[in-house]
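Since we're looking at a predicted model, the values are computed, not measured. Protein chains get the first letters and strands the later ones, always in sequence-line order, with residue 1 at the start of each.
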Amino acid sequence: MKCYIGIDLGSTTTKAVLMDADKQVLGQGITNSRSNYDTAAAVSKQEAIIGTRFTLAHRALKEHGAVNGSTDEFLNDLERSFRMEQYLEQLEDLENTCENYVTGPRFAGMEKDIGTALQEIFKQLADEAPPMFARGAERKSEFFRDIAGGRFMSIAEDAADSSSLPFDLLLNVYDKSIIEVENRPPAGDLAGKFGRALDHIIEQSSEMELQHEKIMEPLKEAIAVELEETYVVGTGYGRVRLPFPKEHIRSEILCHGLGAHIMYPNTRTVLDIGGQDTKAIQVDGRGIVENFQMNDRCAAGCGRYLGYIADEMNIGVHELGPLASKSTKVTKINSTCTVFAGAELRDRLALGEKREDVLAGLHRAIILRAMSIISRSGGITDQFTFTGGVANNNAAVKELKKLVEENYGKVTINIDPDSIYTGALGAAEFARRAAMEGDIEIQGEAA
Amino acid sequence: MNTETKPDVVKDASMLKQKEMIAGNFDKLTDAKELGLKISSTFVPGNLNELLMCFGIVNNLPEINALNNAMRKQSGPMIQDAEKMGHSEDVCTYVKADIGMMSRGNIAPNGKPMPDPDVLLLSYTGCYTFLKWFELLREQYKCPTVMLHVPYQGDGKAEITQNMRDYVIKQLKEEVIPTLEQVSGVKFDIDRLRENLKNSAKAEDDLVWVLESAKNKPSPIDAYFGGVYYIGPIFTAFRGTEDAVEYYRLLKGEIAERIKQGLGPVTPEGEVFEEKYRLVVEGPPNWTNFREFWKMFYEDGAVVVASTYSKVGGVYDYDGFRHDPDHPLESLADYCLGCYTNRNLPERTQMLVDYMEDYQADGLLVNSIKSCNSFSAGQLLMLREVEARTGKPGAFIETDLVDPRYFSPANIKNRLESYFQMIEQKRQSGAVAA
Amino acid sequence: MPVQEIIQRCEELFEDLSFSSVRAWKEAEPGRKVVGYMPIYVPLEIIHAAGMLPLGILGGGDALEVIHGDAYYQSYICRIPRSTVELGVTKRLDFVDGMLFPSICDVIRNLSGIWKLMFPDVYTRYFDTPQNFRSDIGGEFYVNDLRELVSGLENLGGRKISDDDLRASIEVYNESRRWVRKVYQFRSEQPWKVPASEVYLLMRAGQTLPVEDHTQMMKDYLAAVENEDRRMKDNCRVIVNGSFCEQPPLGLIKSIELAGCYIVDDDYMMINRLITEDVESEGDHLLNLSEAFIKHSMAFPSKFEPNGEVQGHYLADIVKQRGAEGVIFAAPSFCDPALLDQPMLANVLDERKIPYIAFQFAENSGQMQPIREQAGTFADSIKLWSAA
Amino acid sequence: MIHTIGIDVGTGAVKTVLFSADGGKTDWLVKRVERIRKRDPYKLAEETMNKALEEAGLSVDDIAYIATTGEGESLAFHTGHFYSMTTHARGAIYLDPEVRSVLDIGALHGRAIRIDERGKVLEYRMTSQCASGTGQFLENIARYLGITSEEIGELSLEADDPEVVSSICAVLAETDVINMVSRSISSPNILKGIHISMAQRLLKLLRATKVTDGAVLLTGGLALDKGLVAAMKEGVADPKSKTTVEVRGHEDSIYAGAIGAALWGAFRHEKLADIAALKIAS
Ligand SMILES: Nc1ncnc2c1ncn2[C@@H]1O[C@H](COP(=O)(O)OP(=O)(O)O)[C@@H](O)[C@H]1O
Ligand SMILES: Nc1ncnc2c1ncn2[C@@H]1O[C@H](COP(=O)(O)OP(=O)(O)O)[C@@H](O)[C@H]1O
Ligand code: SF4
Ligand code: SF4
Ligand code: SF4
């Protein structure tokens, strides 16, 4: 089948959206941007394809009435199981890579101890995987780097303490290996992983076994559908580095505008807070950009800011919002320099302010900056759509809603759970249109 | 204005002429002591070249030196020198480039040291920084300094009051002219001034014709990047000279020829490109990356059809002002009072709106200059107003005049591209809708 | 009245971003008008003579969250115009009938145009002061300029401003300036009794209170403070320079003192004392006001210094006069007048071997640590080494 | 004989030294540095002090003056506080009496200080509120590249074709670095590039304090970074830098602030004693 793919190579995350000829989104994929942009694009695309396979599987199963009405649950299980397979695969890769780095003068005499420590750490990491991917479990992040990294750090710290090995060395081995692992193109063999994941579920549930045949058929079909990459459009911060010809690249502003328009056709103002930039876009009734503003040169108050804060507190970015929401008295924060974020937090805590209040203040500071950029672009008109990674953060959303109402009265505020994909969605639609136009031309010639 | 960045593919007679004029002037400046000439430093806006010529004083414009140095990629270290001497990072980089140049021996583009000025003619017109700049220079050169305070046209009216005019004329009569007489030892001769003003008016007529040629489609000139060259002689040490008259005569002929042939603007790469977007630009250009910046426009088919920067040293097209031999001092006063940055924001805004309409532009681009509060403070509102009044999209970019640290090519390109794509997309769907 | 009470009143005025006291003044009688002005100088006497209340607008301080103001200003422009616009956009100044923008720099100058575009119904005037200091040239221009202001305010107020009105107003302001000078004098004599933050708040109150009330307040304060039991600390004596327009957060002023520096003179709100001598109250009043500005106004960066010989001397002179041990240049970021002036002032300080430090602030600066650090080091070095 | 302690509470590390002073003679008994790494700096300061006392076999009561510097203003147990530049200047003269200026480069700040032969601060400049080009930034990049902070220096020395980071902003510069990695620029060249731009900034700070010759001592954590030291030296060697300063490091540079605090503490202790004596006499 014909597929149109949009890839949004952001400064922190890379997103892909796969769309069919009917403008239906079939799959979305996300990964963290890394130094190898091709890999980032490839991974996000592969993730989108996996998503597409799930969508197709979903359709097929529904059609066949295969899992007695609990199709969603089954597919969820399957997906989690699939993710775990992926995770374990990467973990193994990481372990092997780590081992190779335990050489050189700094490790002299400690190779063996460190090797043993690493084995211990990885064993523990692998053991922790099943509960992490169990039903209802929350993961710190979707990305391997974050999940594995966070756990590695704390396990390694304990390991270092108990074995009196220098923690810095363990950390260093990890740092070296993670970039390498991340930048290795993902292993293929999707069908194999699907198979193993399925086996896994079946192991756990006897009921499933009974339906094995009925499930396998449609699944196989779904996996076998040929997905033709008809047209790919790249956008985002790193778009110029994508290995695409110029006509396959679109400005991220236009893509965000269009993407938001597709999600909410009545959108007139779009705010996107990404890792390093904050943009405010005004679009007309057709999704065409009329005006935009963004920060430049200074990344103060963008998504990365939250990243620094999360690092400082040793928690995941998605845990920040809920913590901040507990605040009753928002601390006033003036400097939003991203790099100073940690220092500011420490300062405030040292002054005896409560963690949640400071966090709430930091969120407010980000949103205040965004409000300025919005105002610069021409203010808010109905409807207003908030996109980008930070839209996933409920504390930020709360502050935003408050400030929007204070300054622009009651307007409809749209936040899609998939809002991080807005840019990629717009790009996919550009891809679809470009291909269609091409089709029209070809038809025209033929006629 | 500058010899090095001159388009090198096509060498029109006017270009050669200008090159020769500039070189001649630098030689005159650096050899002034031998030639027995006196030098005055003064600014582009409110520059009284015709008057200075009456005393045989040569005109040295520190702004022009700064931009020349920027185009030759020398301004960066000069600015840093000045910062090392205690000047803040935050202030206008023209001043710092000038002070840095001084600390490096004041070498003119012809490679010879520029002698110290004999007088500082502080025409305080449209920019606060001028005041401090010459106080700083005075500290250095310890030479006579004469202040000509040109009051700002502050009140939203496009009008010069009699009080303002009288004040300027009185200063000319009782402060400026006596000082120049004293410095030069030459007695003031009003008839000489009238002669010079006559030349000015002639050249101004032709300049206006050239600027207005951009109303053609395609426009034969780029009124911003190219405009910088066209305004050079009028804005600097040549207004009032025969040379300037001749230069504009040649230029006019060449452009008339381009119009006849349906040609677009001359670019540094010479080739003629298809005019896709017609823009009005507000704000000075960036000098450190002038060519790179220009290229971002012509590569995508964007032509600037009108710019306000080409009015900093005098507005001749908008309300038809000309230097007037019959009212010499009055017209000098009105000239100073009417310079672009001496006009209030409502008036500047209206001017942009009119340009947008008169030149059938697709949009307004603001190049906001970090250095220049005179230009920049208020541009965001101007942009909004112009968008609202014309219904055309605007865009905003930020650079600096002569500080290379503030030119971020990727950023600017990103914005320009998005802007052009936006105009394009609007136009297409507009066509569909229509 | 005890000091605490006076200062508390000042603090309330200072923190009130919707200017309720001024609103109350206006509502107290029908037809009352309020005229706002920006730093540094406008002839308050004329506003007063028109029966209007002058309101000093010094930005929004660190308590105002600026949302729309940034939409009007690039990042490299100081903060006061954006917070002032914010005050306007958020209708906090909707009761102000006129606005005067003096000629202090291009930012304030252009703000006058912004105001015109944004609030076309407000009487908005760019107010020019001469840079030529000859009575027959600059003076004459200024008299005419003042005349235009008079007729503008007459139109706004719907009544003539008489000679008697002007004379009375000149006298009221002469008295005000005398008391301002007394407060400054007293502080430089016994800085431990009069913390800089209190003087600041007291002067700041003068930007919102009717001048007569403010003069009374200064009298009360001086009387009260004499009786305060405040002990002298081992601090050094400094002069703060560069904050004549955008104001530092109060915390910054306190931080300087906390770090061991007594501020014995400053250039906050210079409008209170820009005219250094009583204005002649007999004769042609506009001429008198003009002459006072031309002949008896303090030097400040936006004023041209015709005499190159004394360029930059004024600060060193104040240091001497106040017996200060050093200077703290505290200028707002991106403030051209202050920052361009500073090297010239510093040269003179160097010549006269007066130590100084310099840092920049914004009205909403939050981190005081670097300020304390610098002021502290400065104080350390004056204290540890002054005897050596 | 008296004992004094100097504690420098930084943003990256807490440094503690213990001195004994006897008339004009001072002896350095203990030095300790603890990276803060997400711990409470004040608690850490107290712990480190106790460890130092233990090491010297002394108790708190044996200490005549506990002096803090850095962010130790609000520590409860100190006798007095001195501001960082005062202490770094004094510490620098102690470590190397020939130097006439100090560059203190810590986790989040850089300071250039011009001093005289007695350690008096004559002029200084600090980096602004923007975190570009600080130790923290370098540390982040290093971690990204998989390098420990101790390795940075050595690696940077191996650079053959350094790539200079263009962004002013530390965050955007991180992306620049990621870009570089994607263009297969080697870690040494990246690190050296950062060192070069840091060195330029620092030299600029130094020049802004009107220091163009004489010896300058690097203090603070980054003084230990050989790569930065090398880049500084090269920066000076470049005739365009217009400085002929001699860049010096010292193995104990990181303690400069703490040393200065301890010495000033001793000085104040005597002063206070004098004052007390005066009071009693009068
Ligand atoms: N679940 C989440 N909760 C809170 N913040 C999030 C979440 N997911 C992403 N973010 C924030 O979003 C930012 C990335 O946003 P994104 O739009 O992907 O940026 P970019 O396009 O620049 O890569 C991260 O810096 C992070 O702070
Ligand atoms: N051996 C080392 N090599 C390079 N950098 C180091 C070393 N040790 C510490 N650092 C750096 O020094 C910084 C801490 O310096 P320090 O002067 O203690 O700062 P602060 O006073 O702010 O805590 C850290 O950012 C770290 O990167
Ligand atoms: S502020 Fe603007 S007008 Fe004034 S000198 Fe600088 S660049 Fe020129
Ligand atoms: S702070 Fe300085 S630059 Fe800003 S408006 Fe005031 S005088 Fe002008
Ligand atoms: S303030 Fe912070 S976020 Fe902004 S440029 Fe500086 S380092 Fe970057």
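Heavy atoms from other residues, nucleotides or ligands lying under 6.0 Å from CD of B:Q182 number 12 at most. Counting heavy-atom neighbours within 6.0 Å of C:E309 CD, excluding the residue itself, gives a total of 12 or less.
Taking each heavy atom of C:S112 and B:G154 in turn, the nearest pair found is OG-O, 4.2 Å. C:P337 and B:K132 make their closest contact through O-CD, 4.4 Å (heavy atoms, listed as atom of the first residue, atom of the second, distance). Shown here for B:G86 and C:P343, the closest heavy-atom pair between the two residues is O-CG, 3.9 Å. Across C:Q131 and B:Y167, no two heavy atoms sit closer than the pair N-OH, 3.3 Å. Residues C:I77 and B:A377 share a closest heavy-atom pair of CD1-CA, 3.6 Å.
Although no hydrogens or angles enter the test, the distance criterion places no donor-acceptor pair under 3.5 Å between the side chain of B:R384 and the main chain of C:Y72. Here the side chain of B:K142 pairs no donor or acceptor atom with the backbone of C:G308 at under 3.5 angstrom. Here the side chain of C:N110 pairs a donor or acceptor atom with the backbone of B:S374 at under 3.5 angstrom.
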Q) What's the verdict on side-chain contact (heavy atoms from CB on, under 4.5 Å) for C:L340 and B:E135, showing C-alpha distance, side-chain angles and the deciding distance? A) CA-CA 10 Å; C:L340 284 165; B:E135 282 183 348; over 6 Å; no
**Q.** Steps toward salt bridge (Lys or Arg N to Asp or Glu O under 4.0 Å) verdict (B:D155, C:R125)
**A.** CA-CA 6 Å; B:D155 267 349; C:R125 191 163 201 284; 3.7 Å; yes
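Neither the backbone nor the side chain of C:L111 comes within contact range of chain B, judged by heavy atoms closer than 4.5 Å. Of the atoms belonging to B:E89, not a single heavy atom falls under 4.5 Å from chain C. The contact between B:E139 and chain C is made entirely by side chain atoms (from C-beta outward), counting heavy-atom distances below 4.5 Å. If you measure heavy-atom distances from B:I369 to chain C, the contacts under 4.5 Å come from the backbone alone.
Side-chain atoms of C:Q74 and B:E398 form no donor-acceptor pair, as typed in the model, at a separation below 3.5 Å.
Each of C:G312, C:P301, C:C78, C:A346 has some count of heavy-atom pairs under 4.5 Å with chain B, and the biggest count is that of C:P301. Counting heavy-atom pairs closer than 4.5 Å to chain B, the top-ranked of the candidates C:I137, C:N347, C:D145 is C:I137. With chain B as partner, the option from C:V107, C:D106, C:L117 having the largest number of non-hydrogen pairs under 4.5 angstrom is C:D106. Ranked by non-hydrogen atom pairs under 4.5 Å with chain B, the options C:S103, C:P130, C:P81 are led by C:P130. Contacts with chain C were tallied for B:N373, B:N163, B:L345; B:N163 has the most, counting heavy-atom pairs under 4.5 Å. Between chain B and the options C:R134, C:E148, C:Q342, heavy-atom pairs under 4.5 Å are most frequent for C:R134. Put simply, of B:L381, B:D90, B:T129, the one with the most heavy-atom pairs under 4.5 Å next to chain C is B:D90. For chain C, the option among B:T349, B:T341, B:L131, B:L383 with the highest count of heavy-atom pairs below 4.5 Å is B:L131. When the candidates B:S368, B:C372, B:G378 are compared by the number of heavy-atom contacts under 4.5 Å with chain C, B:S368 comes out ahead.
Between the CG atom of B:L136 and the CG atom of C:D341 there is a distance of 8.5 Å, given to the nearest 0.5 Å. One finds the CG atom of C:D70 at 10.0 Å from the CG atom of B:L380 (value rounded to the nearest 0.5 Å). If you take OG1 on C:T124 and CG on B:N344, they are separated by 11.5 Å, rounding to the nearest 0.5 Å. Atom NE2 of B:H87 is separated from atom CG of C:L339 by 10.5 Å, given to the nearest 0.5 angstrom. Taken from CD in C:Q311 to CZ in B:R138, the straight-line distance is 5.0 Å, to the nearest 0.5 Å. Taking CG of C:N132 as the start and CG of B:L148 as the end, the distance is 9.5 Å to the nearest 0.5 Å.
In this view, B:K170 and C:E140 satisfy the salt bridge (Lys or Arg N to Asp or Glu O under 4.0 Å) rule, not counting sequence neighbours.
Proximity to chain B at a heavy-atom threshold of 4.5 Å picks out C:Q360 from residues 348-361 of chain C, in numerical order. Of all residues spanning residues 118-128 of chain B, those with a heavy atom less than 4.5 Å away from chain C's heavy atoms are B:L122, B:Y124, B:G126, B:C127, B:Y128, arranged by number.
You'll find the side chain of C:Y73 stays beyond 4.5 Å of the side chain of B:S376, heavy atoms only. Side-chain contact between B:M147 and C:P306 is absent, with no heavy-atom pair separated by less than 4.5 Å.
Listed by first and then second residue, the ring pair (Phe, Tyr, Trp, His ring centres under 6.0 Å) pairs involving residues 97-126 of chain C are B:Y152-C:Y126, C:F101-C:W115, C:W115-C:F119 (not counting sequence neighbours).
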